[in-house]
Amino acid sequence: MSFLGLRKWPTPARLFPPRLCYAPSSHIVPSLPCIVKPLWPFMAAGTITAYLILKAQESGIRSEQWRNDPRNPYAAELAKESLH
């Protein structure tokens, strides 16, 4: 039976055998490699996205249009840089 048309699919942690997913001392908590292995593409994409947003913000702050705007929190810092 499906709920709202969604079928039951195995989660990534269930794809690995239990002896690889769980720490030897505990059979309750999965080990770190078992959690990170299926999620590494999402972690990499999040890191790349954060880096690109940071660079876009930095280039926007340093643009000529906003360099001397009083609302720019880095205006004083940019004015010092332009003097050198």
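The main-chain N or O of I61 is found under 3.5 Å from a side-chain atom of N72 such that the two form a donor-acceptor pair.
Atom CZ of residue R62 and atom CD of residue E77 lie 6.0 Å apart, to the nearest 0.5 angstrom. Atom-to-atom distance recorded for Q57:CD and Y74:OH is 6.5 Å, nearest 0.5 angstrom.
Linking Ile, Leu, Val, Met, Phe, Trp and Tyr residues whenever their side-chain heavy atoms come within less than 4.5 Å places V36 and F42 in a single cluster.
Side-chain contact between R71 and W66 is present, with heavy atoms from C-beta onward closer than 4.5 Å.
With respect to R67 and E64, a salt bridge is recorded, a charged nitrogen being found less than 4.0 Å from a carboxylate O.
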